[in-house]
Each structure stands twice: as C-alpha cells, then as structure tokens.
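Below, chain A is the first sequence line, B the second, and so on; all start at residue 1.
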Amino acid sequence: MKNDLRALVAEAVGALVRAGELPEVAAMEAQIERTRDPCHGDFSSNVAMVLARQAGRRPRDLAERIVRALPASELLEKVEIAGPGFINFHLRAQALQALVTRILAAGESYACDRSGQRGRILVEYVSANPTGPMHVGHGRGAAYGDSVCNILAATGWAVHREYYINDAGRQADILALSVWMRYLERCGEDLPHPRRAYPGDYIRASAARILETDGPRYRCAAAEVLHDLPEEPVAADGASEAEKADAKAGQESYLDVLLQRARALLGEDFAVIRQRALADQLAEIRSTLDEFGVHFDQWRSERELVEEGYVRTAVAKLEAAGHVYALDGAKWLRTSAFGDEKDRVLFKADGSATYFANDLAYHVHKLERGFRHLMDVWGADHHGYIARVRAAIEMLTGRKDALQVQLMQFVTLSSGRMGKRSGNFVTLKELIADAGKDATRFFYLTRSHDQHLEFDVDLARAQTNENPVYYVQYAHARICSVFRQLREKGITWDQVAGEKRLNALCEPHEQALLSTLSRYGEILESASQQREPHQLAHYLLQLATDYHAYYNAHRFIAAPEDARDARLNLCAATRQVLRSGLAMLGVAAPETM
RNA sequence: GCGCCUGUAGCUCAGGGGAUAGAGCAUCGGCCUUCUAAGCCGGUGGUCGCAGGUUCGAAUCCUGCCAGGCGCGCCA
C-alpha cells in the first residue's frame with residue numbers, strides 16, 4: 001500500500017518535471033509515512049517540503065501542484081494539504097476492507113515470503129561457553145537470535161541457525177580441572193578448591209556422575225596432587241586494587257600449574273574427564289534452550305574444527321598472503337592494516353592457538369559453506385572483538401561486509417541478583433521456571449537489543465493483568481472464545497457472506513483495527529532489515545489494543561445479521577496476524593486463558 | 001586516557017529530521033444480569049542529561065561538557 005502511494009507521488013513529481021515546473025531533481029528523497037494522528041489520514045508525504053527549495057516555491061504551493069498532478073487511484077478517498085506542506089492521503093474504507101479477505105486467504109503465510117530467494121544467511125547466536133549453566137544474559141541473545149531468524153525466514157531469507165561450542169582452550173581445561181577436584185573431594189581426598197576454578201554446585205553434580213559411572217579410577221592422593229605446589233595467593237581484606245590484581249594474576253598462574261599437574265597425573269584421562277564435563281554442561285544448555293523454544297540447525301564444535309584442520313589451513317593462507325609475523329615468540333596477525341586498533345596474536349609463545357585463531361577459521365569455514373551473509377549475536381562485552389574478525393575475513397576473502405555483528409547490551413534483574421563466577425547467579429532455567437517461557441521471551445523482546453535491559457522479574461512472573469505479555473495473548477484467546485461461543489449457540493459463520501459484506505466495517509474502531517492490520521507487512525520488513533524483533537513486539541501490543549477496544553465497543557455474535565459475518569471475518573483476520581506475530585517471537589498464542 | 005552503548009513521565013522502556021512527545025507499571029476516577037474485567041473509558045504526570053550549532057522544522061543530526069554501563073589480555 002505504501003509502495004502504491006510512493007509510485008503515485010513519483011509519477012506526479014515526474015509529470016511536474018516534464019512540464020518544466022520542477023528542475024531535474026535528484027529523484028525521490030521524499031518519504032511516505034504512516035501518520036500518527038488519524039486526523040491526518042493514513043499516510044503522509046513530505047515531498048513538497050523537501051523539494052520546495054529546488055522548485056523555488058513555497059511548500060504548500062508546490063504541494064498543491066503535486067496533488068493536482070496525482071494520477072487517479074481507487075485506493076484514495078481524498079488527499080489534503082496540511083500543516084507546513086504535508087500531503088495527507090486518506091484511504092478509501094474499501095481499500096482497507098479488502099485486506100481482511102487477503103489475510104484469511106493467505107492464512108499463516110500472510111505477508112510472508114518463505115521463498116528464501118533473498119539469499120542464504122548463517123546466524124550464530126547464544127554460543128554460551130559450556131562451562132556452566134546459561135544465565136539471564138544468554139537468554140536475551142537466545143530470544144533475540146531465535147526471533148530474528150524467524151523474521152528473516154519470513155522475509156525471504158534462507159536461514160541457517162548455528163551454535164558454536166567453545167570446547168577447546170583454557171576455559172574448558174579449567175572446567176575439567178574443577179570437576180576433577182570435586183571428584184577427588186568426593187573420593188575422600190582432602191584438598192582445597194582453587195579460588196579461580198568453577199565453584200558451582202553443577203561442578204559437584206558432574207563430578208558425582210563421573211564417580212558413579214567410572215568409579216574411582218581417576219583418583220589420585222591429595223598429597224600427590226599438591227606436591228611441591230606453591231601456596232595460592234590471597235588478597236587480604238582491604239587490599240588495594242593493585243594488590244587484588246596481583247592476587248588474581250597469582251591465582252590464575254596457580255591454576256595453570258595445577259592444570260599441568262592434572263595432565264601429568266591423568267594422562268589421556270584428563271581429556272576423558274574434560275569431555276564428560278563438557279557433555280554435562282552442553283546437555284544442560286540444550287535442555288534449557290529446549291524449554292525456551294530455541295533450536296539450532298547445527299552445533300559446531302571448536303575442537304572438531306581444529307582437529308579437522310580448518311585453523312591450520314586458514315592460518316597458512318594468511319601466512320602465504322604475508323599478513324602474519326613473529327614477535328616475542330608469538331605469531332601475530334596484522335589486523336591493524338585492516339581497520340583494527342592493533343595487531344592480534346594467533347599463536348601464543350607456548351605454541352597454542354588463541355581463541356581468535358580458532359574463531360577466525362570458523363568464520364572462514366562459514367563462508368566456505370556458501371553463506372554470503374553471516375550474522376553473529378554477541379554480548380556487548382565482545383565489542384572490541386568485531387574489528388579483528390572482520391579484518392581476518394577481509395584478508396582472506398576481500399569482503400568487508402560479510403559479517404554483521406549484533407551486540408546485546410547487558411541484562412540486569414530488578415531483584416538485583418547477578419554475578420558470574422560467584423556460582424550463585426540466577427540461571428535462565430530458573431527465570432523460565434519463575435516467569436514462564438512466554439513472559440520471559442516477551443520481556444526480552446520488547447526492548448531494543450541495543451539498550452541495557454533491566455528485567456522486571458516481579459512483573460514478568462505476575463499471573464495478573466499487570467503483566468503485558470497476557471495482554472496480547474488475551475486478545476488472541478478472546479477471539480478464539482468468540483468462535484467457541486458461536487458454535488455453542490449453533491450459529492454458523494458464513495465467511496463468504498462476510499466477504500461480500502465487508503463494507504459494513506466502517507465504524508471508527510473497525511477502521512483503526514484495519515489500519516493496524518495493514519501495517520503488519522511493513523513491520524515485518526522493517527524488523528527484518530533492521531534485525532529488530534522489538535518492533536514486532538510493539539506492533540502486537542498495538543494490534544491487541546485496537547482489538548480490545550473494538551471488542552468492548554461492539555458486539556459480534558449479537559450483531560445485526562448482515563454485519564455479523566463481516567465482523568467475524570475481521571476477528572478471524574486479527575487472530576491470524578496475532579498468531580503469526582507471536583509465533584515469530586516464540587510466544588504461545590493460547591486459545592483459552 | 002581511547003573506543004562503543006546509553007541518558008525521554010515516579011519506575012521500566014518505545015519513538016532516532018516533521019504536525020499537540022507515546023506505551024506498560026504506579027497513581028486517581030468511572031464501566032461487569034449481555035460473546036472471558038488477564039478487558040474498556042477518562043484524569044494526573046515530561047525544560048526528551050546540560051550548553052552551543054546545522055535548517056523551513058531538532059527528543060532525533062553535528063560539536064563540547066556532565067552522568068552511567070561495557071571494552072581496551074599471548075582469557076574465552
């Protein structure tokens with residue numbers, strides 16, 4: 001509809017140019033927009049104000065000429081000039097009424113393009129480290145990524161959803177060590193848990209499972225484990241920042257020493273324990289995501305990627321291209337030549353690969369699988385990481401724009417319980433159990449991902465009318481209820497008759513509802529282009545508002561017979577859009593509440 | 001110190017060049033013998049962080065300040 005109007009305006013401007021009333025201007029920079037106030041019609045354009053200067057006329061003057069040059073259209077009731085020079089378009093009631101039939105005919109594919117013809121896109125999201133349960137920050141990325149994928153898939157993209165498993169590297173080793181220490185403890189060994197090892201109860205649970213299935217075969221005497229180990233440094237109460245930092249660094253190196261000891265004592269079993277621990281954490285993450293309604297097409301293991309040689313190959317190519325140099329025993333990538341702040345290490349002095357080296361190879365691997373468009377959903381704390389990955393991609397493919405990164409700003413809980421390595425943070429699972437999947441997802445998705453989010457736990461868990469998620473769901477349930485009542489009263493809904501009587505939908509409430517329904521496609525497209533599901537969430541709140549107002553102002557079942565079917569058609573169309581929209585957000589559309 | 005994000009109603013947030021700045025919660029007042037009151041109707045509440053600038057027009061763009069968050073590892 002918007003495009004139809006844009007074409008009309010373009011034609012009018014073109015006519016004026018040909019008539020010499022307008023200079024050959026840079027085509028159409030003017031916008032057609034939805035109006036905020038219904039008094040201003042359905043759409044308005046600022047062309048006249050934008051072109052006034054070039055035309056050498058006053059905006060309202062030019063607006064009049066444009067309006068006169070406008071081709072006739074059956075969409076339009078009237079066109080008015082208002083304010084400083086706006087051209088306001090009032091649609092004919094008929095133009096909106098016809099929408100009802102289109103929505104009902106298309107059903108769940110209404111306003112959707114599932115052809116995938118826009119191209120293939122690989123979206124990587126969540127990718128939470130399998131070193132512990134998911135927390136509320138991960139939940140935001142999960143809800144966002146899943147919903148963006150739904151929206152992309154509905155707007156012409158062939159979407160591939162992927163989770164990158166960080167199962168290589170130091171964090172995974174620390175996880176293994178943490179589990180082993182708890183395992184030894186459970187075997188009866190008396191030894192202190194390192195301060196910077198993972199502390200949570202889930203570590204104990206994992207240790208207990210290993211002891212149960214494998215028995216004490218990984219047991220070593222505490223004295224053997226701790227033999228000749230230095231004391232773990234501790235910052236005293238009231239220590240300065242510098243002292244605390246020192247202690248922290250000391251604790252990290254203590255951990256490294258302990259890791260070496262564990263490898264020495266366990267040999268190949270260290271890897272066995274690591275795999276078991278990772279599998280436990282991954283299982284927990286999968287089950288949480290399952291509950292949250294988030295599913296992936298593929299789970300890609302970092303370790304496998306390394307073993308399959310992708311890192312070696314990618315780095316070899318970078319070396320061949322002359323982007324790699326050695327310094328201080330490490331291998332560096334010259335990312336600063338491609339927009340990064342400084343160069344980055346690929347291989348540390350001890351020969352091990354950095355996370356970056358593996359991740360770079362992973363991204364190249366994504367592109368090699370034929371995805372021209374990559375999208376990553378990361379926490380805002382990874383911001384500084386974007387430039388180096390982009391740089392590496394550009395070095396290998398010459399493409400600057402292949403990777404789009406969406407950063408999720410931080411989540412805090414209204415009840416103020418956060419924190420990470422402390423071991424007692426609020427997990428996503430707890431939040432879902434508390435507030436429910438639907439409320440949790442809706443709360444995450446109503447805010448822009450670009451915005452810090454304070455999650456109002458009390459409001460989300462409220463099973464009352466205070467909770468906004470029910471507002472939208474209730475609109476859907478209400479419509480379902482209308483149709484149930486209809487059946488119970490033995491009244492048949494004649495959809496075809498309704499289609500013929502759509503001109504009965506002329507009440508202001510009906511016009512408002514129709515107008516909102518007509519925006520659905522525009523919202524989907526905008527949410528898709530800008531990767532902003534919150535636009536859809538806000539739209540659904542508006543649609544529910546319009547429906548509730550309509551519901552309270554008019555009768556459907558008890559309506560005069562000639563209007564009844566048309567109104568029921570409108571109800572059914574509204575239900576369809578609510579259902580489709582909620583599905584994109586991953587929120588249920590209940591039939592009763 | 002440098003980079004990124006943010007500052008809009010009491011609280012949580014939409015709006016990101018256009019016409020009197022919006023929603024939810026909170027608060028105050030109305031509406032259930034009639035299809036679900038998890039609803040509707042109405043009221044209170046804002047110098048859009050501050051100061052300049054750009055223009056027909058700035059909450060929106062630019063500059064500078066102030067305040068908060070996050071980064072600035074041979075961690076991941």
Checking base pairs now: Watson-Crick or wobble, both atom distances under 3.5 Å. What partners [N]?
{"N": "A38(B)", "answer": "none"}
{"N": "C2(B)", "answer": "G71(B)"}
{"N": "U54(B)", "answer": "none"}
{"N": "G46(B)", "answer": "none"}
{"N": "U12(B)", "answer": "A23(B)"}
{"N": "U60(B)", "answer": "none"}

Expressed as a whole number of Å, how far does the [atom1] atom of [N] sit from that of [M]?
{"N": "G22(B)", "M": "G43(B)", "atom1": "P", "result": "12 Å"}
{"N": "U44(B)", "M": "G29(B)", "atom1": "P", "result": "15 Å"}
{"N": "G57(B)", "M": "G18(B)", "atom1": "P", "result": "14 Å"}
{"N": "C61(B)", "M": "G15(B)", "atom1": "C1'", "result": "16 Å"}
{"N": "A37(B)", "M": "C4(B)", "atom1": "C1'", "result": "47 Å"}
{"N": "U12(B)", "M": "A26(B)", "atom1": "P", "result": "15 Å"}
{"N": "G64(B)", "M": "C75(B)", "atom1": "P", "result": "36 Å"}
{"N": "U54(B)", "M": "U20(B)", "atom1": "P", "result": "23 Å"}

Rounded to the Å, how far apart are [X] [atom1] and [N] [atom2]?
{"X": "Met408(A)", "N": "G71(B)", "atom1": "CE", "atom2": "P", "result": "16 Å"}
{"X": "Asp343(A)", "N": "G73(B)", "atom1": "CG", "atom2": "P", "result": "13 Å"}
{"X": "Gln171(A)", "N": "G73(B)", "atom1": "CD", "atom2": "P", "result": "17 Å"}
{"X": "Glu454(A)", "N": "C5(B)", "atom1": "CD", "atom2": "P", "result": "22 Å"}
{"X": "Arg461(A)", "N": "U12(B)", "atom1": "CZ", "atom2": "P", "result": "20 Å"}
{"X": "His452(A)", "N": "G69(B)", "atom1": "NE2", "atom2": "C1'", "result": "4 Å"}
{"X": "Leu536(A)", "N": "A14(B)", "atom1": "CG", "atom2": "P", "result": "15 Å"}

Is the phosphate of [N], meaning OP1 or OP2, less than 4.0 Å from a side-chain N or O of [X]?
{"X": "Tyr547(A)", "N": "C35(B)", "answer": "no"}
{"X": "His534(A)", "N": "G15(B)", "answer": "yes"}
{"X": "Gln451(A)", "N": "A14(B)", "answer": "yes"}
{"X": "Lys342(A)", "N": "G73(B)", "answer": "yes"}
{"X": "Arg478(A)", "N": "A37(B)", "answer": "yes"}
{"X": "Lys348(A)", "N": "A76(B)", "answer": "yes"}

Heavy-atom nearest nucleotide on RNA chain B taken for Asn88(A) and for Leu407(A); more 5' hit belongs to Leu407(A)

Taking for each residue the nucleotide of RNA chain B with the nearest heavy atom, is it Leu459(A) or Asn129(A) whose nucleotide lies nearer the 5' end? Leu459(A)

If anything within 90° of 0 is syn and all else is anti, what is C32(B)? syn

Classify the ring geometry between [X] and [Y] as parallel (under 30°), tilted (30 to 60°) or perpendicular (over 60°).
{"X": "His323(A)", "Y": "Phe338(A)", "result": "perpendicular"}
{"X": "His538(A)", "Y": "His534(A)", "result": "perpendicular"}
{"X": "Tyr164(A)", "Y": "Tyr362(A)", "result": "parallel"}
{"X": "Tyr355(A)", "Y": "Tyr385(A)", "result": "tilted"}
{"X": "His365(A)", "Y": "Tyr310(A)", "result": "tilted"}

Pairwise distance CG(Leu445(A)) to CG(Leu453(A)) - rounded to 0.5 angstrom: 10.0 Å

So, taking the atom named CE in Met408(A) and the one named OH in Tyr444(A), what distance separates them when rounded to the nearest 0.5 Å? 9.5 Å

With heavy atoms under 4.0 Å as the rule, sort [X] into base, sugar-phosphate or nothing.
{"X": "His554(A)", "answer": "base"}
{"X": "Thr592(A)", "answer": "base"}
{"X": "Asp359(A)", "answer": "nothing"}
{"X": "Ile386(A)", "answer": "nothing"}
{"X": "Ala477(A)", "answer": "base"}
{"X": "Ala380(A)", "answer": "sugar-phosphate"}
{"X": "Asp37(A)", "answer": "base"}
{"X": "Ala168(A)", "answer": "sugar-phosphate"}
{"X": "Tyr551(A)", "answer": "base"}
{"X": "Phe483(A)", "answer": "nothing"}

What's the closest nucleotide to the side chain of [X] if the choices are [options]?
{"X": "Arg170(A)", "options": "C75(B), C40(B), G3(B)", "answer": "C75(B)"}
{"X": "Gln485(A)", "options": "U12(B), C35(B), C5(B)", "answer": "C35(B)"}
{"X": "Ser448(A)", "options": "G39(B), A14(B), G69(B)", "answer": "A14(B)"}
{"X": "Ala349(A)", "options": "A26(B), A59(B), C74(B)", "answer": "C74(B)"}
{"X": "Pro468(A)", "options": "U12(B), A19(B), G24(B)", "answer": "G24(B)"}
{"X": "His40(A)", "options": "A19(B), C74(B), U6(B)", "answer": "A19(B)"}
{"X": "Ala330(A)", "options": "A76(B), C74(B), G69(B)", "answer": "C74(B)"}
{"X": "Gln409(A)", "options": "C35(B), C5(B), C4(B)", "answer": "C5(B)"}
{"X": "Met593(A)", "options": "C40(B), U34(B), A38(B)", "answer": "A38(B)"}
{"X": "His538(A)", "options": "A14(B), C74(B), U6(B)", "answer": "A14(B)"}

Residues Glu525(A), Lys2(A): salt bridge by 4.0 Å N-O rule: no

Are any of the side-chain nitrogens in Lys331(A) or Glu319(A) under 4.0 Å away from the carboxylate oxygens of its partner? yes

Do Asp381(A) and A76(B) have a side chain to base donor-acceptor pair shorter than 3.5 Å? no

If stacking means aromatic ring centre less than 5.5 angstrom from the base's six-membered ring centre, planes under 30°, is Phe86(A) stacked on A19(B)? yes

Checking Gln409(A) against Arg447(A): is there a side-chain donor and acceptor pair closer than 3.5 Å? no

